[in-house]
Amino acid sequence: MSSHDLTVAVYALIGLAALALQVRSASPASRIPSLGTVFRRVMRTRSGRVGVVAGWAWVGLHFFAR
C-alpha cells in the first residue's frame, strides 16, 4: 500500500465518520449539531471564514493535486 492509498483511505474514513455524525444529528432527540449548524457558527467570524478557506485549500493541495 502506497502513501497515497493510505491518505485516500484516511480521508474516506473521515468522510464516513462525518456522514455518520450527520445522519445521527438528524434524530430529533440528538444533541449533535448538524454540519450546516456547525458551519453556520464557524462562518460568523472572519477568522472562521479564513480557517474554512485555509482548510479547504489544504485539502485541495494535499489530496487532489499530484
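Within the structure, ring pair (Phe, Tyr, Trp, His ring centres under 6.0 Å) contacts touching residues 18-37 (residues at least two apart or in different chains) do not occur.
The two atoms that bring Ser30 and Ser25 nearest to each other are OG-CA, 3.8 Å, heavy atoms only.
Tested against Val10 for a side-chain contact (heavy atoms from CB on, under 4.5 Å), the candidates Leu13, Thr7, Ile14 yield a single pass: Ile14.
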Under 3.5 Å, which donor-acceptor pairs do the side chains of residues 35-44 form with other protein atoms, sequence neighbours left out?
| from | atom 1 | to | atom 2 | distance (Å) |
| --- | --- | --- | --- | --- |
| Thr37 | OG1 | Ser34 | OG | 3.0 |

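Residues forming a ring-ring contact (aromatic ring centres under 6.0 Å, His included) with Tyr11 (at least two apart in sequence, or on another chain): Phe63. Partners of Ser2 according to the side-chain hydrogen bond (donor to acceptor under 3.5 Å, both in side chains) rule, which considers only residues two or more places apart in sequence or in another chain, are Asp5. Every residue two or more places apart in sequence or in another chain that forms a side-chain contact (heavy atoms from CB on, under 4.5 Å) with Arg46 is listed here: Arg49, Val50. Under the side-chain contact (heavy atoms from CB on, under 4.5 Å) criterion, Ser47 pairs with Thr45, sequence neighbours left out. Among residues two or more places apart in sequence or in another chain, the ring-ring contact (aromatic ring centres under 6.0 Å, His included) test is passed with Trp58 by His62.
Applying the under-4.5 Å side-chain rule to Ile, Leu, Val, Met, Phe, Trp and Tyr, the cluster around Ile32 extends to Leu21.
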